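Because the structure is a prediction, the values reported are computed rather than measured.
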Amino acid sequence: MEVFEESGLQATVPQIAERADMGKATVYRSYPAKEDVVAAVARHRLAELDRVTAPALQQAGAARAFDTYVILLFENLARDRLLCETLAEGPSAGCTGPLLDRLTALMNEAKAADRVRPDASPLDLRVVLCGMCLQPIKLEERDPALWRRYGELTLRALRP
């Protein structure tokens, strides 16, 4: 997981095997293709994200849950290049569909509370959110405060 967090989709099976102190054949026995490793790691990180965000979402209430989730998501993306890149790939990545579905549902609740512009669509959300997270990744920016700021800018872009 560390290799993917650091290198994202550019990580290689040999790098993973070396970090785990095992041969790459051992990795391939459990995961026949690199995509299988990517999917397993992304699913693990998404489950961890759900675990971390659940208490905050319960306290936030429906009207503020979207804001809370986006900020927590950006704080987590600051240290996880793989999750960033798979999120940007969207449903085609095969494992971030539930995350995008959750974000869309939370956005729709925020729309009903007049906290998100009424014409905002799931595509708008994906473009703004993923666009906002890809550039810091390319610049290798890891400062959580800066990522939080980009989360706030994402929310502002979607305000009525």
Side-chain angles (χ1 to χ4, degrees), residues 1-11 16 19 34-160:
M1 285 192 291
E2 292 170 358
V3 173
F4 279 121
E5 287 173 6
E6 295 164 7
S7 302
L9 295 171
Q10 311 320 313
I16 295 163
R19 183 77 60 95
K34 177 183 166 184
E35 292 76 22
D36 298 320
V37 182
V38 169
V41 170
R43 278 192 303 273
H44 177 78
R45 292 293 292 129
L46 289 170
E48 188 176 299
L49 180 65
D50 283 346
R51 184 183 53 75
V52 168
T53 58
L57 289 178
Q58 288 174 350
Q59 290 179 343
R64 298 229 182 249
F66 180 65
D67 294 12
T68 300
Y69 193 80
V70 168
I71 297 301
L72 291 172
L73 175 62
F74 270 84
E75 288 175 354
N76 279 274
L77 292 176
R79 65 179 183 277
D80 194 339
R81 185 172 178 143
L82 176 72
L83 193 54
C84 238
E85 291 175 352
T86 55
L87 177 61
E89 287 191 12
S92 66
C95 51
T96 56
L99 174 60
L100 293 169
D101 292 345
R102 173 176 253 188
L103 280 164
T104 298
L106 291 171
M107 181 181 74
N108 288 336
E109 289 175 11
K111 260 198 244 187
D114 294 323
R115 296 193 52 78
V116 170
R117 52 187 299 147
D119 63 340
S121 70
L123 179 60
D124 295 332
L125 172 63
R126 184 168 168 221
V127 167
V128 172
L129 188 135
C130 295
M132 198 67 79
C133 74
L134 281 178
Q135 194 59 38
I137 282 294
K138 289 180 188 225
L139 296 172
E140 297 186 25
E141 183 57 61
R142 304 273 181 169
D143 179 7
L146 185 61
W147 278 81
R148 182 182 179 87
R149 180 173 179 269
Y150 291 131
E152 292 166 355
L153 288 171
T154 296
L155 292 171
R156 286 186 193 136
L158 295 169
R159 290 280 183 252

> Within a strict 4.5 Å, meaning less than it, do heavy atoms of the I16 and F4 side chains meet?
Replying inline: yes
>> Could you report the tightest heavy-atom contact between D114 and P160, atom names first, then the distance?
In response: O-CG, 3.4 Å
> Shortest non-hydrogen contact from T68 to A60?
Replying inline: OG1-CB, 3.4 Å
> When you look at R64 and Q59, which way does the side-chain contact (heavy atoms from CB on, under 4.5 Å) test go after all the steps?
Replying inline: CA-CA 9 Å; R64 298 229 182 249; Q59 290 179 343; over 6 Å; no
> Step by step, would you call L57 with R102 a side-chain contact (heavy atoms from CB on, under 4.5 Å)?
Replying inline: CA-CA 12 Å; L57 289 178; R102 173 176 253 188; 4.1 Å; yes
> When you check the gap from the basic side-chain N to the acidic O, do R45 and E48 get nearer than 4.0 Å?
Replying inline: yes
> Can you name the closest pair of heavy atoms from L106 and A65 and give their distance?
Replying inline: CD2-CB, 3.8 Å
> Does R117 come within less than 4.0 Å of D124, counting only side-chain N to carboxylate O?
Replying inline: no
> Would V38 and V41 satisfy side-chain contact (heavy atoms from CB on, under 4.5 Å), going step by step from the backbone distance to the final call?
Replying inline: CA-CA 5 Å; V38 169; V41 170; over 6 Å; no
> Below 4.5 Å, heavy atoms only, C-beta onward: do L153 and V128 meet side chain to side chain?
Replying inline: no
> Hey, mind stepping through R159 and D67 against salt bridge (charged side-chain N to carboxylate O under 4.0 Å, His left out) and telling me if it holds?
Replying inline: CA-CA 11 Å; R159 290 280 183 252; D67 294 12; 2.7 Å; yes
> If you measure from OG1 on T53 to CG on D50, what distance do you get to the nearest 0.5 Å?
Replying inline: 5.5 Å
>> Less than 4.0 angstrom from a charged side-chain N to a carboxylate O is my criterion; do D80 and R142 meet it?
In response: no
> Looking at side-chain heavy atoms only, is the closest gap between L73 and W147 below 4.5 Å?
Replying inline: no
>> Any carboxylate oxygen within less than 4.0 angstrom of a Lys/Arg side-chain nitrogen, looking at E2 and R19?
In response: yes
>> With heavy-atom distances below 4.5 Å as the criterion, would you say the side chains of E141 and Q135 are in contact?
In response: no
> Would you say N76's side chain and L72's backbone share a donor-acceptor pair under 3.5 angstrom?
Replying inline: yes
>> What verdict does the side-chain contact (heavy atoms from CB on, under 4.5 Å) test give for V116 and L125, after you've listed the backbone C-alpha separation in whole Å, the side-chain angles of each residue and the deciding distance to 0.1 Å?
In response: CA-CA 10 Å; V116 170; L125 172 63; over 6 Å; no
>> With heavy-atom distances below 4.5 Å as the criterion, would you say the side chains of C133 and F74 are in contact?
In response: yes
> Which atom names give the shortest non-hydrogen contact between E140 and R81, and what distance separates them?
Replying inline: CG-NH1, 4.4 Å
> Within the side chain of E85, is there an N or O that forms a donor-acceptor pair under 3.5 Å with the backbone of L9?
Replying inline: yes
>> Could you check whether any side-chain heavy atom of D143 comes within less than 4.5 Å of a side-chain heavy atom of R148, counting everything from C-beta outward?
In response: no
> With side chains defined as the heavy atoms from C-beta onward, is the minimum distance between L99 and Y69 less than 4.5 Å?
Replying inline: yes
>> Quick check against the 3.5 Å criterion: does K111 have a side-chain atom that pairs as donor or acceptor with the backbone of S121?
In response: no
>> Working to the nearest 0.5 angstrom, can you tell me the gap between R149 CZ and T154 OG1?
In response: 11.0 Å
> Does the side chain of M132 come within less than 4.5 Å of V127's, by heavy atoms?
Replying inline: no
>> Regarding D101 and T104, do their side chains bring together a donor and an acceptor under 3.5 Å, going by distance alone?
In response: no
> Rounded to the nearest 0.5 Å, how far apart are CZ of R156 and CG of L158?
Replying inline: 12.5 Å
> If you take all heavy atoms of C130 and L87, which pair is closest and at what distance?
Replying inline: SG-O, 3.6 Å
